[in-house]
Novice: 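First the structure, then my questions, so here it is.
Per chain, numbering begins at 1; letters A, B, ... match sequence-line order.
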Number of protein chains: 2
Amino acid sequence: MEQNKIPQATAKRLPLYYRFLNNLNQQGKKRVSSKELSEAVKVDSATIRRDFSYFGALGKKGYGYNVEYLLGFFRSTLDHHEITEVALVGAGNLGTAFLKYSFMKNNNIRITKAFDADSNKVGTDIDGVPVYHIDELNEKLEGTRVAILTVPASEADVITEKLVNEGVNGILNFTPARITVPNHVRVHHIDLAVELQSLVYFLKHYPLDKE
Amino acid sequence: MEQNKIPQATAKRLPLYYRFLNNLNQQGKKRVSSKELSEAVKVDSATIRRDFSYFGALGKKGYGYNVEYLLGFFRSTLDHHEITEVALVGAGNLGTAFLKYSFMKNNNIRITKAFDADSNKVGTDIDGVPVYHIDELNEKLEGTRVAILTVPASEADVITEKLVNEGVNGILNFTPARITVPNHVRVHHIDLAVELQSLVYFLKHYPLDKE
DNA sequence: AATAATTTGTGAAAAATATCACGACATTTT
DNA sequence: AAAATGTCGTGATATTTTTCACAAATTATT
Ligand SMILES: NC(=O)c1ccc[n+]([C@@H]2O[C@H](COP(=O)([O-])OP(=O)(O)OC[C@H]3O[C@@H](n4cnc5c(N)ncnc54)[C@H](O)[C@@H]3O)[C@@H](O)[C@H]2O)c1
Ligand SMILES: NC(=O)c1ccc[n+]([C@@H]2O[C@H](COP(=O)([O-])OP(=O)(O)OC[C@H]3O[C@@H](n4cnc5c(N)ncnc54)[C@H](O)[C@@H]3O)[C@@H](O)[C@H]2O)c1
């Protein structure tokens, strides 16, 4: 499984770097410095250089980085040649927004199937993605290992257990419930209410520079 | 502005604690230990105790924490008595999902107005929230200082500038663009594509325990 | 009343992350 | 060809965050 020496903080920034490099490449830019990149992605330039350095010497002193080369490097590092299929569970307000959004642009990830319990939704297509009944997980999951969870919080634990039983080992959880999973399953929580509240908290309690 | 000695990592967890304490309280629970809380929110119990300790000695040795007391404490710390109004800009797929979601439960934050450029949307109500034209920011913002940004990435910078000019100093940015703001404005980015990609990256490169 | 079991709060240590600052080298300019 | 400029890669340092581990206090049990 390669050298997992790369700090987690770095790993989280990789997709961000990748996207901006892709933008630059499409704009026809040939070279970029850590300083420029820093301004674009709002990450300190020393941090960017440090991040890149975990993968070896990718740049050239006095010049910067070759966009195309760096992009190719990240493409393979982020496994952008192979496509990862993702299932979405809970095609409600939030889930539907995700289904309608094409994550695919510059991206190797595709939501290819959705599951819901509502019979009005089951059997329909949302932007080309078929919606199956949650009881069909077993037949329709077909080896998909990653799921986006957008069901009501009260259902989160039950659905999680089902998903894990069917072999899912990665869950992006949008419900406010902190779900319990076995050790071999990784969960990332995105808690929108908490994000909003903590932003407000920071505004009130952490004064910023007066410009 | 009180003692901003509280670590940022702690501040980010406060709304999470608050929500779970609220749940416990509604369930009629009178006391809770850092260990129980830890299992519920998936944060190490020592971290929880440390977090709480920044606010003084809130618990009792051998007993734990009194739910009601702790809840009251957090309510005032998180300013849960006063309501913060938030504006949403870009009532598209994602924006509409937010408008339909009641953040209000257990929460002091309310999305009270939305702005869009689409004339089909302007003038309508989405779940009771009026949608105004983006050109009406000046008249309709009425002192709102926090905004959720769910416009297309290409519009992000222009809209941000407008918002900042109108006095907004906190932005929750869902666009993939890393927006540029003056020092006195705080931006939190939620980059859903990055979250999904980094989850997939971790799954491939960071082997987990085999249970 | 004595003993056992809990559980906090926190010093101290460890781990993770970010930043500084500069030598080395490449490019660009004069 | 020399000088000036730009930029990386990284050792060292600083900062932030997490975790360990235990005395002290409280509660529960016998
Ligand atoms: N919408 C938001 O802005 C928002 C913000 C923060 C958090 N969330 C969280 O995201 C989750 C989804 O929110 P939403 O607004 O889309 O809710 P929603 O009610 O619109 O959608 C939930 C969907 O899950 C489906 N569902 C219910 N039980 C199910 C089951 N057992 N199996 C499969 N599907 C089932 C419902 O039919 C519905 O389509 C919730 O947990 C919510 O707390 C949403
Ligand atoms: N939908 C998702 O799942 C998802 C996921 C990740 C990121 N995002 C990002 O979130 C943002 C919104 O996504 P979406 O799917 O809701 O897009 P959308 O196109 O459905 O919504 C965008 C809305 O912004 C409005 N708009 C356009 N220009 C405007 C302007 N100048 N002023 C005010 N309003 C304007 C449009 O009328 C539309 O209603 C995008 O930046 C997208 O990249 C969305």
Novice: OP1 or OP2 of dT27(C) versus the side-chain N and O atoms of Lys60(A): is any pair under 4.0 Å?
Specialist: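 Lys60(A) to dT27(C) OP1/OP2: side-chain N or O found under 4.0 Å.
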
Novice: Could you check Arg13(A) against Tyr63(A) and say which one's nearest nucleotide on DNA chain C is further toward the 5' end?
Specialist: Arg13(A)

Novice: Rounded to the nearest angstrom, tell me the gap between atom CZ in Arg50(A) and atom C1' in dT19(C).
Specialist: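 So the two atoms are 9 Å apart, to the nearest Å.
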
Novice: Have a look at Thr10(B) and say if it touches a base, only the backbone sugar-phosphate, or nothing, with a 4.0 Å heavy-atom cut-off.
Specialist: nothing

Novice: From the options Ile111(A), Leu99(A), Leu88(A), Asp116(A), select the one residue that forms a side chain to side chain contact (heavy atoms under 4.5 Å, CB included) with Ile126(A).
Specialist: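 Result for side chain to side chain contact (heavy atoms under 4.5 Å, CB included) with Ile126(A): Leu99(A).
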
Novice: If you compare every side-chain N and O of Thr47(A) against the phosphate oxygens of dT19(C) (OP1, OP2), does one of them come in below 4.0 Å?
Specialist: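 Thr47(A) to dT19(C) OP1/OP2: side-chain N or O found under 4.0 Å.
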
Novice: Taking any heavy-atom pair under 4.0 Å as a contact, classify Ser34(B): base, sugar-phosphate, or nothing.
Specialist: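 If one applies the 4.0 Å heavy-atom cut-off, Ser34(B) turns out to touch the sugar-phosphate alone, with no base involved.
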
Novice: As an exercise, state the distance from CG of Leu199(B) to CD of Glu195(B), rounded to the nearest 0.5 Å.
Specialist: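 Between Leu199(B) CG and Glu195(B) CD, I get 9.0 Å after rounding to 0.5 Å.
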
Novice: Without decimals, in angstroms, what is the distance between Lys61(A) NZ and dA4(D) P?
Specialist: 21 Å

Novice: Please tell me which of the listed nucleotides, dT27(C), dT7(D), dT17(C), lies nearest to the side chain of Ala9(A)?
Specialist: dT17(C)

Novice: For Tyr65(A) and dT7(D), what is the distance between atoms OH and C1' respectively, to the nearest whole Å?
Specialist: 8 Å

Novice: Whole Å only: how far is the CG atom of Asp44(A) from the C1' atom of dT16(D)?
Specialist: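 It is 15 Å, rounded to the nearest whole Å.
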
Novice: Using the closest heavy atom to pick a nucleotide of DNA chain D for each, name whichever of Gly62(A) or Ala46(A) lands nearer the 5' end.
Specialist: Gly62(A)

Novice: Are Asn169(B) and Arg186(B) side-chain neighbours, meaning at least one heavy-atom pair lies under 4.5 Å?
Specialist: no

Novice: What is the distance from CZ of Arg49(B) to C1' of dT17(D), rounded to the nearest Å?
Specialist: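 Answer to the nearest Å: 16 Å.
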
Novice: Could you give the CD-to-P distance, from Gln8(A) to dT17(C), as a whole number of Å?
Specialist: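 Rounded to the whole Å, the gap is 6 Å.
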
Novice: May I ask you to evaluate whether Arg31(A) reaches the phosphate of dC8(D), defined as a side-chain N or O under 4.0 Å from OP1 or OP2?
Specialist: no

Novice: Without swapping roles, check the side chain of Thr175(B) against the backbone of Thr150(B) for a donor-acceptor pair under 3.5 Å.
Specialist: no

Novice: Could you give the CG-to-C1' distance, from Leu58(A) to dT7(D), as a whole number of Å?
Specialist: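 From Leu58(A) CG to dT7(D) C1': 14 Å.
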
Novice: Can you check the Phe52(B) CZ to dT8(C) C1' distance for me, whole Å?
Specialist: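 Between C1' of dT8(C) and CZ of Phe52(B): 12 Å.
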
Novice: Side-chain contact, heavy-atom cut-off 4.5 Å: Phe20(A) with Val32(A)?
Specialist: no

